[in-house]
Amino acid sequence: MMLELEEQISDLEKWNDGKGLIVYGAEDTFCSGADLSATNALCKPKDGLMMCMFMQSTLTRLQRLPLISVSLVQGKAIGGGAEICTACDFRLMTEESEIRFVHKHMGIVPGWGGASRLIQIIGPRQALKLLSSAQGIHPEHALSIGLADDILSSTADKAMEEAQTWISSYTKGPAETIRAIKKVVTSGREHALVDSLRKEKDIFGTVWGGPVHLQALSKVLKRN
């Protein structure tokens with residue numbers, strides 16, 4: 001899935017007349033987090049850092065696309081899924097959805113840029129609460145702290161249609177203008193983010209594959 005996501009981003013980078021993008025998951029789940037068997041195979045620090053750098057690059061490229069982007073969060077956005085939704089400009093949540101940064105329970109921190117972007121979106125105080133509690137963030141709470149931009153009232157089969165209507169107010173107009181607006185906003189955000197991503201990668205490398213991470217992974221694998 002990581003490779004397929006990177007391929008999609010590469011295609012979108014060639015979409016020269018695009019204006020908007022909606023990122024969503026299959027079967028009413030945005031992204032339920034890591035495949036534990038794959039995670040277990042990548043438990044060495046070197047492997048974790050390679051994955052970290054690959055996904056940081058992919059999600060940063062997603063964030064830099066000259067498209068107005070929206071994460072349509074239906075169902076759960078867990079762990080890496082929570083990090084992915086922060087790479088979009090806006091987040092729409094359906095009424096039964098949930099975003100959760102569960103990294104603490106696995107003895108790690110976000111490494112795909114999710115912590116850096118979360119701080120930019122809701123500020124360090126709220127980010128610290130979400131990361132250190134590892135609690136689920138339901139739509140009303142997400143909206144109140146600025147993590148979500150709206151709560152969709154549609155049923156699951158109509159959520160995409162409502163999301164398209166929502167984003168259309170921001171993508172209305174010539175592609176050249178919409179893309180230029182996004183580039184200006186991206187430029188203003190970039191300098192602080194680059195330094196923050198580098199530091200997040202360094203900290204991630206100190207815990208991935210460490211004793212607490214391996215112990216947590218072992219427990220979860222035994223339960224499954």
Side-chain angles (χ1 to χ4, degrees), residues 1-2 5 23 25 28-43 45 47-49 51-52 55-56 58-59 63 71-88 90-149 151 193 196-197 199-224:
M1 287 180 67
M2 294 181 199
L5 177 60
V23 179
D28 300 328
T29 298
F30 182 78
C31 180
S32 57
D35 181 320
L36 293 176
S37 60
T39 302
N40 191 44
L42 294 170
C43 64
D47 296 331
L49 279 175
M51 176 189 65
C52 169
M55 286 302 294
Q56 273 200 7
T58 298
L59 295 182
Q63 191 174 30
S71 289
L72 172 54
V73 182
Q74 295 174 274
K76 296 184 182 298
I78 306 294
E83 295 197 62
I84 291 171
C85 77
T86 66
C88 289
F90 302 108
R91 280 148 297 283
L92 303 178
M93 298 180 70
T94 56
E95 291 181 344
E96 303 300 321
S97 62
E98 176 188 14
I99 298 172
R100 181 178 294 209
F101 294 85
V102 296
H103 306 74
K104 167 187 164 181
H105 294 319
M106 298 305 297
I108 59 172
V109 297
W112 298 357
S116 300
R117 290 187 296 270
L118 186 65
I119 291 166
Q120 287 190 334
I121 295 167
I122 62 173
R125 180 169 166 270
Q126 290 291 349
L128 182 60
K129 286 183 178 180
L130 300 189
L131 296 175
S132 61
S133 69
Q135 293 178 345
I137 308 120
H138 297 287
E140 292 79 9
H141 183 204
L143 188 64
S144 71
I145 62 176
L147 180 58
D149 294 277
I151 302 172
L193 180 62
S196 183
L197 287 172
K199 189 64 176 178
E200 184 172 321
K201 174 180 69 68
D202 293 342
I203 296 171
F204 178 84
T206 67
V207 292
W208 183 276
V212 177
H213 175 219
L214 294 178
Q215 185 179 21
L217 183 59
S218 177
K219 288 180 180 179
V220 173
L221 288 172
K222 286 179 181 177
R223 289 201 298 268
N224 289 283

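We use all heavy atoms of the structure for the numbers below, so side chains are in, but hydrogens, waters and symmetry mates are not.
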Participant: When rounded to the nearest 0.5 angstrom, what is the spacing between OG in Ser133 and CG in Leu128?
Facilitator: 9.0 Å
Participant: Pick from Ile119, Ile121, Ile99, Ile122: which one makes a side chain to side chain contact (heavy atoms under 4.5 Å, CB included) with Thr86?
Facilitator: Ile121
Participant: Would you say Val207 and His213 make side-chain contact, with heavy atoms under 4.5 Å?
Facilitator: no
Participant: With a 4.5 Å heavy-atom cut-off, do Phe30 and Arg91 have their side chains touching?
Facilitator: no
Participant: Would you give the length of the straight line joining atom CD1 of Ile137 to atom CD of Glu98, rounded to the nearest 0.5 angstrom?
Facilitator: 7.5 Å
Participant: Between Trp112 and Gly80, what is the shortest heavy-atom contact and its length?
Facilitator: CZ3-CA, 3.6 Å
Participant: Is a side-chain N or O of Thr58 found less than 3.5 angstrom from the main chain of Met55, in a donor-acceptor match?
Facilitator: no
Participant: Side chains of His141 and Leu130: does their closest heavy-atom pair fall under 4.5 Å?
Facilitator: yes
Participant: Which heavy atom of Ala148 sits nearest a heavy atom of Leu143, and at what distance?
Facilitator: O-CD1, 3.5 Å
Participant: Can you find a pair of side-chain heavy atoms, one from Ser71 and one from Ile84, that are under 4.5 Å apart?
Facilitator: no
Participant: Minimum heavy-atom separation for Ser132 to Lys104, with atom names?
Facilitator: O-NZ, 2.6 Å
Participant: For the CE atom of Met106 and the NZ atom of Lys219, what is their distance to the nearest 0.5 Å?
Facilitator: 11.0 Å
Participant: Tell me the closest heavy-atom pair linking Ala87 and Leu59, and the distance in Å.
Facilitator: CB-O, 3.8 Å
Participant: Are side-chain heavy atoms of Glu83 and Arg117 found at a separation under 4.5 Å?
Facilitator: yes
Participant: When rounded to the nearest 0.5 angstrom, what distance separates CG in Asp202 from CG in Leu49?
Facilitator: 8.5 Å
Participant: Over all heavy atoms of both residues, which pair between Gly111 and Cys52 is shortest? Give the atoms and the distance, please.
Facilitator: O-SG, 2.9 Å
Participant: Just how far is it from atom NE2 of His138 to atom CD of Glu96, taken to the nearest 0.5 Å?
Facilitator: 9.5 Å
Participant: Can a donor-acceptor pair be found, under 3.5 Å and without considering hydrogens, that links the side chain of Gln56 to the backbone of Leu197?
Facilitator: yes
Participant: At their closest point, which heavy atom of Phe204 faces which heavy atom of Val109, and how far apart are they?
Facilitator: CD1-O, 3.3 Å
Participant: Atom OG1 of Thr29 and atom NZ of Lys76: how far apart are they, to the nearest 0.5 Å?
Facilitator: 8.5 Å
